[in-house]
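Below: the structure, in structure tokens.
Quick note on labels: first sequence line is chain A, next is B, and so on, each numbered from 1. All values below were derived from every heavy atom in this structure, side-chain atoms included, with hydrogens, water molecules and symmetry-related copies excluded.
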Amino acid sequence: MKIRPSLPQGTRDFAPQTLRKRQFVLQTIRGVFERYGFQPLETPAMENLDTLLGKYGEEGDKLIFRILNNGLDNPAKHEAAMEGFRQVLEGRNSTTVTERALRYDLTIPFARFVAMNHAQLNFPFKRYQMQPVWRADRPQKGRYREFWQCDADVVGSPSLLYEAELASIYLDAFRSLGIPVSVRVNHRGLLAALAEACGGAGRLTDITVSIDKLDKVGLEKVMEELDRKEFPETATAKIRTYLGVAGDNSERLQAVEGLLGGYEAGAKGIGELRWLLDFLRRDDGTEPLEIDLTLARGLDYYTGMIFEVKALDAQMGSIGGGGRYDDLTGLFGVPGIPGVGVSFGIDRICDVMEEKGLFPASLETGSRVLFFHLGQAEARHAWTVMQQLRARDTACEIYPEAARFDKQFKYAERRHIPIVAFVGSEEIAADTVRYKDLSTGEQRTVPRTAFLDALSPS
RNA sequence: GAGGGUGUAGCUCAGCUGGUUAGAGCAUCAGAUUGUGGUUCUGAGGGUCGUGGGUUCGAACCCCAUCAUCCUCCCCA
């Protein structure tokens, strides 16, 4: 029987060329995080299931990858295991069967970390984290079961200065990567006030889920959905007005103020949005953020400002999102630590950059020099020169056998190695190296030391 | 969880209303060319047509099942 190796659904291998691109993205973002004074943190791939359950809403729980406990086949534990499986089949959770699960995002593990270490941390604590997360979603375009997030969060301060910093991080990072984006912002307070105005703070989720679809399905479909959810006429009328708000940022805020300014949550939201836009206004008067009143964000724990980043002119969902949460560590028994954070979706960012050809061509280079193999004795001399070059931080390699020249040339070409070097009997005798620039075809023979100088990083 | 598309050589794909021995380009290997490539030419190797059933004189093609993958909805990065 022929074995067919395969990968779990929604996961990928990353070949060298792909990984170079991913690392380029990661390094760029890491650089921005570091410049804003964030410090690195890593947490385990798996968490206790209890740590994750109930943090991402009902749908979220279903998407958590659970890990089967070891030792279930132990005869002494059969009865307990059977009982545990029975509970699982009923849709409940049982630590007898699964007590661990794969990380679903980076925010909750961070909150768990802060709750465990709050006594040792200096607040405000700024951390960044770049690691894979796993979701049992059905894969499709821009959606994977294993993907990387890069998060920057600040906990321990309610200061809006951090909203300004995190928004700037988005702007800086995407400018460095060369991706044109719109960074959208909204405030949960406005949505809460809207729900209140519609007669039910409890129906906040119903409302936000519907209006979030506005730019996708259009106003009428949204209103139909709200009708189906049996909102009263007065409520849908208010929502229609809210969704109809247009104009530039300040015009939108003014209109919303008339609508929801009377509610405490609404007034707070409007005030904070005004402050942030004013704070980040450029010298020429333009504003880098865009207010999007329909922006809702699914994650339940956001309470204040919320962000989302979309690539312009790209068929891709959001490539980043985040917001403020008042009391994330409260879920772990340590109340009173507010926080705010943003997340970058690395895989989607890479997809967009690939699609639009935004990766620098220079990423394709591995070795800078290939030494031709011209025979046993010559190769030994080439080896010596090569080691001297490596000692000077230049990546280089030698062809493994004295193959035909066209093979050695082709190898260099395919690997995007720009220079090939010849150390043959003539060169050995004169202590020189002959080298050729493959892009120009130009070749020259120079003393060995001159060769080393020419190809060392300046 | 619901719905749709696609599975043919290492890769990208042709293959007509079912008809004899399943093709092309790229890649690989060899030669033209025993120390200067990328062009060209010649030749070679490589496929249980995703898998398992069924219909038929005959199936890559039709039917059923199954697996994989891609896409849409839900939700999200």
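Looking at Arg184(A) and Ser182(A), their side chains do bring a donor and an acceptor atom within 3.5 Å of each other. With 3.5 Å as the limit, one finds no donor-acceptor pair spanning the side chains of Arg390(A) and Thr394(A). With hydrogens and angles left out, the side-chain atoms of Thr445(A) and Glu427(A) include no donor and acceptor closer than 3.5 Å.
The same atom, P, is picked in G4(B) and in U12(B); the two are 26 Å apart, to the nearest Å. C49(B) and A14(B) have their C1' atoms separated by 13 Å, given to the nearest Å. C67(B) and G50(B) have their C1' atoms separated by 8 Å, with the value rounded to a whole Å. Atom P of G43(B) sits at a distance of 29 Å from the matching atom of A60(B), rounded to the whole Å. Separating the C1' atom of G25(B) from that of C70(B) is a span of 24 Å, rounded to the nearest Å. Look at the C1' atom in both A9(B) and U48(B): the space between them is 14 Å, to the nearest Å. The separation of G19(B) from A59(B), taken at their P atoms, amounts to 11 Å, rounded to a whole angstrom. Comparing the same atom, P, in A44(B) and in G35(B) gives a spacing of 28 Å after rounding to whole Å.
When each of Phe147(A), Tyr144(A), Tyr104(A) is checked for a side chain to side chain contact (heavy atoms under 4.5 Å, CB included) with Val133(A), only Phe147(A) meets the rule. The only option from Val25(A), Ile29(A), Ile319(A) that meets the side chain to side chain contact (heavy atoms under 4.5 Å, CB included) definition with Phe344(A) turns out to be Ile29(A).
Using a 4.0 Å heavy-atom distance criterion, Phe422(A) is classed as a base contact. Within 4.0 Å (heavy atoms only), Tyr144(A) reaches at least one base atom of the nucleic acid. Note on Asp137(A): a base of the nucleic acid sits closer than 4.0 angstrom, heavy atoms only. Across all strands shown, Arg434(A) has heavy atoms under 4.0 Å from base atoms, whether or not it also approaches the sugar-phosphate. Looking at heavy-atom distances under 4.0 Å, Ser425(A) makes contact with a base. Within the 4.0 angstrom heavy-atom criterion, only backbone atoms of the sugar-phosphate kind lie near Gly320(A); the bases stay farther away. Base contact: Leu438(A) has a heavy atom under 4.0 Å from a base atom.
Across all strands shown, C73(B) is found opposite G1(B) as a Watson-Crick or G-U wobble partner, with both distances under 3.5 Å. Searching all strands for a Watson-Crick or G-U wobble partner of A22(B) with both distances below 3.5 Å returns nothing. Of all nucleotides present, only G54(B) satisfies the Watson-Crick or G-U wobble test against C62(B), with each distance under 3.5 Å. In a base pair of the Watson-Crick type (N1 to N3 plus N6-O4 or O6-N4) or a G-U wobble (N1-O2 and O6-N3), with each distance short of 3.5 Å, A68(B) is matched with U6(B).
In this structure, Tyr399(A) places its OH atom 15 Å from C1' of G35(B), rounding to the nearest Å. Rounded to an integer number of Å, the gap from Ile29(A) CD1 to A77(B) C1' is 12 Å. As a whole-Å value, the separation of Asp212(A) CG from C76(B) P is 7 Å. Going from atom CD of Gln131(A) over to atom C1' of A77(B) covers 16 Å, rounded to whole Å. Atom CG in Asp153(A) sits roughly 15 Å away from atom C1' in A77(B) (whole-Å rounding). In this structure, the CZ atom of Phe307(A) is 14 Å from the P atom of A77(B), given to the nearest Å. Separating the NZ atom of Lys62(A) from the C1' atom of G1(B) is a distance of 7 Å, rounded to the nearest angstrom. One interatomic measurement links the two molecules: NE2 of His381(A) to P of G35(B), which rounds to 19 Å at whole-angstrom precision.
To the nearest 0.5 Å, atoms CD (Glu308(A)) and OH (Tyr170(A)) are separated by 8.5 Å.
Taking the side chain of Arg138(A) as heavy atoms from C-beta on, and the options G35(B), C76(B), A2(B), the nearest nucleotide is A2(B). The nucleotide whose nearest atom lies closest to any side-chain atom of Glu427(A) is, among U69(B), A77(B), G35(B), G35(B). Checking G38(B), G3(B), C74(B) against the side-chain heavy atoms of Glu413(A) singles out G38(B) as nearest.
In this structure, Phe409(A) does not count as stacked on the base of U36(B) under the 5.5 Å centre distance and 30° plane angle limits.
Taking for each of Leu7(A) and Arg348(A) the nucleotide of RNA chain B with the nearest heavy atom, the 5'-most of the two is the partner of Leu7(A). When each of Ser318(A) and Thr440(A) is assigned the nucleotide of RNA chain B with its nearest heavy atom, Thr440(A) is the one assigned upstream, toward the 5' end.
Taking 4.5 Å as the limit, some side-chain heavy atom of Thr51(A) sits within range of a side-chain heavy atom of Phe332(A). Using a 4.5 Å heavy-atom cutoff, the side chains of Glu163(A) and Phe307(A) are in contact.
For the pair Gln140(A) and U72(B), the criterion of a side-chain N or O lying under 4.0 Å from OP1 or OP2 is met. Under 4.0 angstrom from either OP1 or OP2 of A68(B) there lies no side-chain N or O belonging to Gln9(A). Contact annotation: Lys407(A) side-chain N/O to C29(B) OP1/OP2 distance is under 4.0 Å.
On a pure distance criterion of 3.5 Å, a polar donor-acceptor pair joins the side chain of Gln443(A) and the base of U36(B).
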